[in-house]
2 protein chains.
Amino acid sequence: MIQKINRLSLVEQVAEQMEQLIEQRQWKVGEKLPPEMELMEKFGVSRNTLREAIRALVHAGLLETRQGSGTLVRSTSVLGAALKRHVKKSTMLETLEVRFALEKQAAKMAAEHRTEEDLTKLEAIVSETKVASEKKDIDQFITSDIEFHKAIVQASGNQLLIDLYEHMTDLLYSFVHDFLAMQPSFQLEQGLHLNVLDAIQKQDQASAAMYVENDMEVLKDYISKMTEE
Amino acid sequence: MIQKINRLSLVEQVAEQMEQLIEQRQWKVGEKLPPEMELMEKFGVSRNTLREAIRALVHAGLLETRQGSGTLVRSTSVLGAALKRHVKKSTMLETLEVRFALEKQAAKMAAEHRTEEDLTKLEAIVSETKVASEKKDIDQFITSDIEFHKAIVQASGNQLLIDLYEHMTDLLYSFVHDFLAMQPSFQLEQGLHLNVLDAIQKQDQASAAMYVENDMEVLKDYISKMTEE
DNA sequence: CCATAAAAGTTGTAGGATGATTGGTACATA
DNA sequence: TATGTACCAATCATCCTACAACTTTTATGG
């Protein structure tokens with residue numbers, strides 16, 4: 001078997017290392033990187049080489065440079081940035097449809113594969129949501145709600161699915177926030193949570209998928225009502 | 001109205017122009033770009049600036065540089081390249097699961113929204129597949145089969161869904177090719193096609209989704225059999 | 001204390017020099 | 001002819017220095 005020779009350029013080597021530092025959270029989002037001079041010495045490359053690596057990550061959406069100020073971490077994922085640019089051209093509805101397709105599949109798989117750990121986490125989030133609901137703490141309620149959906153997807157065990165879903169959710173965050181804040185009552189949402197959790201506990205794939213689908217219909221109606229006005 | 005000054009860096013301006021040239025196919029995939037010297041003059045920037053722009057697109061997967069030879073266009077889509085790197089870390093099964101989640105949603109939406117044009121196209125592909133099957137032209141059969149699946153997704157009308165699906169399909173191309181080539185008989189596949197097409201014609205969303213799901217099960221079984229060996 | 005100016009720190013852009021790799025050409029040899 | 005070698009030209013890779021532009025911090029004068 002002939003293997004292709006892998007001769008990585010210095011720029012690519014530096015970029016790769018920086019990507020890892022970001023992914024491993026050693027360079028945290030929002031944090032400033034050391035100045036170019038320092039990085040040059042640390043990586044042992046010239047300014048040009050270093051700058052080309054930085055520029056590559058800037059273009060990919062991981063970093064952001066500010067002339068005169070510095071370079072900071074903007075995102076931890078290339079896929080997220082690529083999706084973001086793509087999603088900008090799409091409508092909210094299109095994005096939601098894809099997100100729900102992913103969540104529905106995830107719910108089915110979660111019902112099949114969920115571990116005790118997954119269940120514990122889901123239950124914790126549900127009770128958290130309940131508390132927030134009783135306290136009328138809207139922000140906390142919304143945060144918990146989003147966490148619940150993410151937890152379902154995480155229970156699917158499919159990492160690609162998880163990544164895509166989380167990135168799309170992040171992109172839709174402000175929209176979902178507004179939607180939930182506008183809900184007249186929290187009861188509906190809580191009902192959904194209990195139903196889905198129940199189906200996942202019982203490993204009932206069909207029901208899990210169905211409840212998620214019902215949720216989608218509610219959102220779709222909301223959107224069409226909103227666009228009519 | 002005061003407008004925020006858009007001070008895009010030279011590098012970003014050059015990168016953006018090059019992306020457009022690629023997207024508009026003025027620079028075609030596989031083609032070599034003019035050498036750096038020439039591009040410097042055309043864009044009116046220094047070598048460093050030009051190289052940073054090129055490097056950004058190289059990292060994004062759109063270009064490829066070969067020392068001593070030149071720079072050539074490698075892909076037309078950022079999303080495709082980002083997915084590709086991500087998918088490398090995922091298993092085939094994970095990728096297929098996501099792809100099917102998208103296709104299932106697409107089938108439902110296609111059943112709802114399909115136009116006469118969509119139906120005509122689907123029918124044409126089905127008969128194309130039939131001819132290939134009778135002629136025992138495996139390559140043509142596989143091509144048609146993939147076209148059929150893509151056409152279903154296209155009939156959904158959701159551009160984000162279409163893009164994601166097509167990129168994932170491209171990534172899985174060799175796998176799908178091998179799978180189909182290994183199928184003992186073509187009848188099964190053709191049955192699926194007719195069933196799905198029928199459901200979409202009748203605008204029966206549930207059936208359309210169901211038939212797609214059946215297809216997924218067949219593939220899953222094949223994979224688990226393959227991984228056991 | 002505050003406003004302003006100066007200074008220092010940092011990224012942006014330019015231009016030049018050298019090294020490394022590739023592709024092609026000419027030529028000698030068997 | 002076929003093959004291998006040496007050489008040359010084109011091209012990208014890397015490094016270096018210098019200066020411009022912008023931001024942040026510090027110093028200064030009232």
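Within every chain, numbering begins at 1; the chains are lettered A, B, ... in the order of the sequence lines, protein sequences first and strands thereafter.
Summarising the geometry, the separation between CG on A:N48 and P on D:dC15 is reported as 9 Å, rounded to the nearest angstrom. If you measure from atom CG of B:L50 to atom P of D:dC12, you get 9 Å, rounded to the nearest angstrom. We find that CG of B:L33 is positioned 16 Å from C1' of D:dA10, with the value rounded to whole Å. A straight line from CD of A:E64 to P of C:dT11 spans 13 Å, rounded to a whole angstrom. Look at CD on A:E12: it is 10 Å from P on D:dA13, rounded to the nearest Å. In this structure, B:R51 places its CZ atom 16 Å from P of C:dG15, rounding to the nearest Å. The separation between B:E52 atom CD and D:dC12 atom C1' is 16 Å, rounded to whole Å. Between the C1' atom of C:dT13 and the CG atom of B:L10 lies a distance of 7 Å, rounded to the nearest Å.
Below the 3.5 angstrom threshold, one finds no donor paired with an acceptor across the side chain of B:R55 and the base of D:dA13. Counting distance only, with no hydrogens placed and no angle test, the side-chain atoms of B:Q67 and the base atoms of D:dA13 include no donor-acceptor pair under 3.5 Å. Contact of A:R47 with C:dG12 (side chain to base): a donor-acceptor pair of N or O atoms is detected under 3.5 Å.
Near-neighbour residues of DNA chain D inside residues 34-43 of chain B, defined by a heavy atom below 4.0 Å, number-ordered: B:P35, B:E36.
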Donor-acceptor contacts under 3.5 Å from residues 96-107 of chain B side chains, at least two apart:
unit_1	atom_1	unit_2	atom_2	d
B:E97	OE1	A:N158	ND2	2.9
B:R99	NE	B:T169	OG1	3.1
B:R99	NH2	B:Y165	OH	3.1
B:E103	OE1	B:H149	ND1	3.4
B:E103	OE1	B:Y165	OH	2.7
B:E103	OE2	B:H149	ND1	2.6
B:K104	NZ	B:E213	OE1	2.9

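Partners of B:T65 according to the side-chain contact (heavy atoms from CB on, under 4.5 Å) rule, which considers only residues two or more places apart in sequence or in another chain, are B:I54, B:R55, B:V58, B:T71. Applying the side-chain contact (heavy atoms from CB on, under 4.5 Å) rule to B:E38 yields the partners B:P34, B:P35, B:K42; only residues at least two apart in sequence or on another chain are considered. For B:Q17, the side-chain contact (heavy atoms from CB on, under 4.5 Å) criterion is met by B:F43, not counting sequence neighbours. Here A:T76 pairs with A:I22, A:R25, A:V29 under the side-chain contact (heavy atoms from CB on, under 4.5 Å) rule; sequence neighbours left out.
Within the 4.5 Å cutoff, side-chain heavy atoms of A:K32 are placed close to those of A:S69.
In terms of phosphate contacts, B:T71 brings a side-chain nitrogen or oxygen within less than 4.0 Å of OP1 or OP2 of D:dC12. Between B:S46 and C:dA14 there is a side-chain polar atom (N or O) within less than 4.0 angstrom of OP1 or OP2. OP1 or OP2 of C:dT22 has not a single side-chain nitrogen or oxygen of B:S69 nearer than 4.0 Å. Note on B:T65: a side-chain N or O is less than 4.0 Å away from OP1 or OP2 of D:dA13.
Under a 4.0 Å N-O distance rule, the pair B:E64/B:R66 qualifies as a salt bridge.
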